[in-house]
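Keep in mind it's a predicted model, so treat the numbers as computed, not measured. Values below: every heavy atom of this structure, side chains too, minus hydrogens, waters and symmetry copies.
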Amino acid sequence: MKTEDQIQTRIYEYAKKDISRLYKDFNITDKGYSEQQVHFSRERYGINIGDRKKDTDLYRFFRAFINPFSVILLMLIFVSFFTDVLLASNYRRNATTCLMLVIIFLISGFVRFIQEMRSKKATDSLIELIHTTVQVYRDGLWKDISSDKLVVGDKVRFYAGDRIPADIRLSATNDFFVSQSMLTGESLVIEKNSDIMLEKENLNLNDYNNIVFSGSLVIGGNGEGIVLAVGKETVYGEIGKNINVQKNGFDKGANSIAGVLIRFMVVLIPFVFIACGLVQGNWMSAFLFSLSVAVGLTPEMLPMVINACLVKGSAVMGKKDAIVKNINAMQAFGSMNVLCVDKTGTLTGDKIVLEYYTDILGNESKQVLEYAYLNSLYHTGVKNHLDDAVCRVEQMPNFDKCELLDKYKKLDELPFDYNRKYVSVLFENKDKNINNKNENILIIKGDVETVCKKCKYAEYRGSLQLMDMQSVHHIIDEMQEDGMKVIAVAYKNIAKAHVTLDDEKNLILLGYLAFFDAPKKSAGEAIEKLKKLNVPIKVLTGDSQSVATSICRRLNLDIENAIDGKQLEQLTDDELLIQVEKTTLFTELSPKQKSKIIEVLQGNGHTVGFLGDGMNDLHAILQSDVGISVEGATEALKEAADVILLKKDLNVLEEAILEGRKVFVNMCKYIRITASSNFGNILAVVIASVLLPFFPMTSIQLLLLNLLYDVLCLVLPWDTVDEELYCHPRDWSGKTLGRFMLFFGPISTVFDLLTFAFLFLWLCPKICGGSFASLDPQAQKMFITFFQTGWFLESMWSQVLILYSLRSKEIPFIKSRPAKPVVLVTIVGIIMFTIMTIVPIGNLVGLTVMPLSYFVFLLIAVLLYISLVTIAKAWYIKKYRELI
């Protein structure tokens with residue numbers, strides 16, 4: 001936690017000086033800053049907007065256009081410009097190909113950018129609903145302004161529950177406690193004051209007693225101070241760059257797939273260049289044709305189809321109460337094979353009910369209830385569900401709130417933190433008949449185990465006895481086994497008017513509070529659905545093991561190897577690797593431990609999602625592959641999350657995972673089928689280029705063929721997906737892409753060569769009146785036109801129709817029916833693109849009308865091709881146990 005290079009010099013300097021010096025140096029008057037001073041400060045020190053790369057419009061625009069697939073397309077644009085414009089002769093110069101690729105690139109990027117901006121708008125509107133204002137003193141008045149309008153020199157005020165909006169020098173505090181876990185990763189709660197900081201070497205963030213840093217959370221009390229740094233100059237602006245982990249699972253998979261395609265190019269291009277150059281003797285033509293092979297091998301519409309799949313999935317999730325901030329997260333949902341969740345509000349309801357308030361023997365105790373009520377009502381820390389449940393007792397008919405408040409006056413407090421696990425509030429006891437009449441009373445409420453360890457005595461009906469943990473468990477174990485959350489209430493009489501950590505010992509245990517947080521009715525159903533999708537749930541909670549075990553047992557979750565935070569700390573690294581795999585329930589965890597568990601799971605090769613809603617879940621969300629927050633979560637969590645659920649319901653997640661996998665499958669369909677088909681075609685071109693005295697297809701025809709096919713593939717995001725293809729998590733990578741291309745591509749090559757033989761040896765000689773070598777130049781030109789048209793049609797028909805065979809393991813149209821839009825678009829596409837050879841536009845790219853006898857051959861060849869692929873598919877599935 002070194003801070004020398006993160007702390008602004010003026011923060012360090014003014015932490016060591018009296019607050020009056022700051023007022024003088026920054027010209028702060030008794031009325032605070034005027035609008036003129038605000039404008040001057042903003043010009044000098046900047047605005048209060050951090051370096052949030054992931055949320056800026058510019059970064060989203062960059063992400064929409066620059067990714068591994070679009071980079072390949074940019075390379076093809078350069079190749080096309082090089083071959084068809086710069087190096088082409090005046091007669092052959094044609095910028096159409098290059099222009100079409102540029103249009104595809106732009107459309108693909110803008111489609112994605114528009115969807116991401118829609119998601120950002122929805123996210124921003126949610127964040128605006130949270131308290132994002134700050135109280136500032138300007139022109140003699142306290143007013144609420146947006147935190148991004150703060151400037152250096154502003155006087156501000158904040159309370160429990162507020163997130164600190166800038167780096168601030170405290171000028172006044174009242175029981176002021178903050179959590180800096182967002183900056184340091186430690187859950188320790190620190191008390192801050194306005195005293196001058198003492199000189200010390202090797203300072204860390206926790207040593208700045210009079211400075212609160214941007215991103216910290218006010219746990220208890222209230223305070224005032226002067227802003228010293230805003231925006232990128234704050235510690236959060238620096239550390240936030242490291243906290244915002246760049247989740248690049250999508251890009252890693254995309255790089256893997258792109259790498260396979262590039263390796264195929266690297267092998268084919270030199271081979272084609274040398275072979276064509278040696279056979280035809282024209283090395284420049286051979287060079288240009290070899291580059292066009294690269295264009296033909298790559299699915300030009302790849303970025304557009306991928307983005308269409310991601311955008312479609314994101315839009316569907318938006319209708320199912322989930323906002324996808326980064327559409328790359330759709331892929332992560334498809335790959336997710338472990339889901340970690342917090343217990344409260346996810347597996348259980350948000351409204352906790354106070355069931356019992358008992359003495360140490362389990363009898364109902366009014367004194368326990370009253371002490372607990374005073375503690376919950378008066379502590380200034382962030383309230384939770386337990387405090388809300390306790391405070392609702394004032395609605396009880398026999399509960400006299402006014403009389404109780406008259407007896408006790410609050411003096412001091414120590415707020416709750418995740419290390420101590422309890423909250424202490426000191427009261428002046430006005431009723432001198434209760435307790436020692438000259439002493440104040442310290443009331444403690446919190447975790448049973450922790451509080452009881454601080455107790456020396458237990459009280460029953462006014463008499464004290466030595467503390468006995470066995471007696472404690474005899475009472476509380478049964479309640480915890482029933483799924484109740486039990487906390488202890490203790491007290492201590494002290495003569496002091498202020499409380500310190502040293503006072504929280506030798507306490508007197510008074511009794512217990514038992515709360516019931518019932519499992520959600522929908523949780524059990526959702527868990528079963530997730531199990532069917534092969535996504536195991538791991539519960540990561542800070543709650544006690546007994547309570548969490550009871551809840552998980554009711555939801556049929558495995559509790560056999562449950563482990564708590566203390567046991568977790570004692571494991572070696574090797575033991576931890578094994579333990580996280582076989583354990584479903586982790587209890588009594590600190591925020592740091594939650595993040596650690598996720599990190600270990602990722603190291604074991606899992607794609608991990610995490611659902612949380614509290615500040616203690618922040619680092620776990622950042623560490624996960626898919627960070628999931630909910631509508632009621634804090635602003636910081638929503639900023640960090642990849643997906644925001646509008647309902648805290650696991651059913652929404654089940655639908656999101658399902659949609660993510662469908663998106664994934666449809667992307668894989670396009671990539672595998674298109675890449676293998678293109679490879680087969682290009683392999684046929686390479687062989688034919690060596691054997692034939694002319695090129696079997698021009699560069700423009702090759703590109704047009706790919707583009708026409710890819711346009712039809714834009715309908716794939718709406719294709720149906722077989723259940724067996726989405727019942728398991730899927731790995732997003734190119735590991736098996738090369739194998740798929742090498743297996744199915746050559747089958748296409750065989751039928752391409754069969755078509756070449758039919759055209760070159762029989763059909764074209766019959767139409768043109770002789771073999772190619774025997775014809776005059778004009779007749780040879782007609783021969784080439786018929787040959788190229790014939791292969792163009794065969795390639796287009798076979799590529800489109802093979803979609804039906806390879807899109808599923810099952811028999812097409814019998815056991816696996818494609819979506820109606822897919823059928824309609826492909827049939828219309830084949831008809832229209834066949835008609836293209838008849839209409840004048842076909843003549844522009846060297847196509848012509850084919851005789852009826854060719855279409856008889858085409859129909860037979862395509863049927864044979866589909867039959868052979870179906871047989872080969874069965875063999876491939878039997879050997880590799882997968883297809884897509």
Side-chain angles (χ1 to χ4, degrees), residues 187 336-348 418 421 447-450 473 476-486 517 519-520 523-612 616-617 619-621 623-626 650 653-654 657 728-729:
S187 56
M336 185 196 305
N337 54 18
V338 175
L339 175 63
C340 298
V341 300
D342 191 13
K343 178 184 72 67
T344 305
T346 304
L347 303 180
T348 61
Y418 295 106
K421 297 184 179 181
D447 176 73
V448 173
E449 293 287 340
T450 311
H473 284 288
I476 70 170
D477 284 355
E478 186 176 349
M479 291 188 287
Q480 289 181 332
E481 287 172 4
D482 288 337
M484 293 187 184
K485 167 72 174 178
V486 182
D517 188 10
K520 284 184 176 180
E525 176 188 352
I527 289 171
E528 290 304 313
K529 290 179 180 177
L530 289 169
K531 285 181 180 178
K532 290 180 180 179
L533 291 176
N534 293 281
V535 180
I537 287 182
K538 293 186 182 293
V539 180
L540 277 56
T541 179
D543 214 338
S544 70
Q545 187 166 112
S546 54
V547 174
T549 298
S550 175
I551 297 297
C552 290
R553 185 187 297 115
R554 297 183 189 202
L555 295 172
N556 295 320
L557 287 171
D558 181 21
I559 57 174
E560 184 175 349
N561 296 304
I563 187 172
D564 62 29
K566 292 180 181 177
Q567 294 170 320
L568 201 69
E569 287 294 327
Q570 296 172 0
L571 297 178
T572 65
D573 290 342
D574 291 338
E575 290 173 336
L576 187 58
L577 294 176
I578 299 172
Q579 191 70 39
V580 295
E581 292 294 336
K582 64 181 184 180
T583 301
T584 296
L585 176 59
F586 298 85
T587 62
E588 302 176 36
L589 299 178
S590 68
K592 206 169 182 180
Q593 287 175 323
K594 290 184 180 182
S595 178
K596 178 64 176 178
I597 291 170
I598 294 173
E599 184 181 0
V600 173
L601 285 168
Q602 290 170 326
N604 286 353
H606 294 288
T607 300
V608 186
F610 182 84
L611 170 62
N616 59 324
D617 296 324
H619 284 267
I621 279 182
Q623 180 63 47
S624 65
D625 296 289
V626 189
L650 285 178
L653 270 184
E654 181 264 339
I657 292 170
H728 291 277

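Atom CD1 of Ile537 and atom CG of Leu557 lie 6.0 Å apart (nearest 0.5 Å). The line from CG of Leu339 to CG of Leu533 is 11.0 Å long, rounded to the nearest 0.5 Å. The CG atom of Asp342 sits 10.0 Å away from the CD1 atom of Ile621 when rounded to the nearest 0.5 Å. Taken from CD1 in Ile578 to CG in Asp573, the straight-line distance is 11.5 Å, to the nearest 0.5 Å.
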Identify every side-chain donor-acceptor pair in residues 559-568 under 3.5 Å, counting partners at least two apart or on other chains, and give the distances.
| residue | atom | partner | partner atom | Å |
| --- | --- | --- | --- | --- |
| Asn561 | ND2 | Lys582 | O | 3.3 |
| Asp564 | OD1 | Lys566 | N | 3.2 |
| Asp564 | OD1 | Gln567 | N | 2.8 |
| Gln567 | OE1 | Asp564 | N | 3.0 |

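Residues passing the side chain to side chain donor-acceptor pair (under 3.5 Å) test with Glu588: none are found, sequence neighbours excluded. Here Ser595 pairs with nothing under the side chain to side chain donor-acceptor pair (under 3.5 Å) rule; sequence neighbours left out. Here Asp477 pairs with His473 under the side chain to side chain donor-acceptor pair (under 3.5 Å) rule; sequence neighbours left out. The side chain to side chain contact (heavy atoms under 4.5 Å, CB included) test applied to Asp574 returns Thr572, Leu577, not counting sequence neighbours. Lys538 pairs by the salt bridge (charged side-chain N to carboxylate O under 4.0 Å, His left out) definition with nothing, not counting sequence neighbours. Under the rule for a side chain to side chain donor-acceptor pair (under 3.5 Å), the partners of Glu569 that lie at least two apart in sequence or sit in another chain are Gln593. With sequence neighbours excluded, the residues satisfying side chain to side chain contact (heavy atoms under 4.5 Å, CB included) with Lys596 are Leu576, Glu599, Val600. Under the rule for a salt bridge (charged side-chain N to carboxylate O under 4.0 Å, His left out), Glu478 has no partner lying at least two apart in sequence or in another chain. The salt bridge (charged side-chain N to carboxylate O under 4.0 Å, His left out) search around Lys532 returns none, not counting sequence neighbours.
Across all their heavy atoms, Cys340 and Val608 have their closest contact at SG-CG1, 3.9 Å. Closest approach of Gly609 and Ser624 over heavy atoms only: C-CB, 4.3 Å. Between Gln579 and Phe586 the shortest heavy-atom distance is O-CZ, 4.4 Å.
Side-chain contact between Met336 and Asp625 is absent, with no heavy atoms from C-beta onward closer than 4.5 Å. Within the 4.5 Å cutoff, no side-chain heavy atoms of Glu575 are placed close to those of Gln570. Using a 4.5 Å cut-off on side-chain heavy atoms (C-beta onward), Leu589 and Ile597 make contact. Using a 4.5 Å cut-off on side-chain heavy atoms (C-beta onward), Ile527 and Asn556 make no contact. By the 4.5 Å heavy-atom criterion applied to side chains, Asp558 and Pro536 are not counted as neighbours. Looking only at side-chain heavy atoms (C-beta outward), Leu585 and Thr549 come within less than 4.5 Å of each other. Here the side chains of Cys552 and Val539 are in contact, with some heavy-atom distance below 4.5 Å.
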- Query: Step by step, would you call Gln602 with Gln623 a side-chain hydrogen bond (donor to acceptor under 3.5 Å, both in side chains)?
  - Reply: CA-CA 9 Å; Gln602 290 170 326; Gln623 180 63 47; 2.7 Å; yes
- Message: side-chain contact (heavy atoms from CB on, under 4.5 Å) for Glu449 and Lys421? Distances and angles first, verdict last.
- Response: CA-CA 10 Å; Glu449 293 287 340; Lys421 297 184 179 181; over 6 Å; no
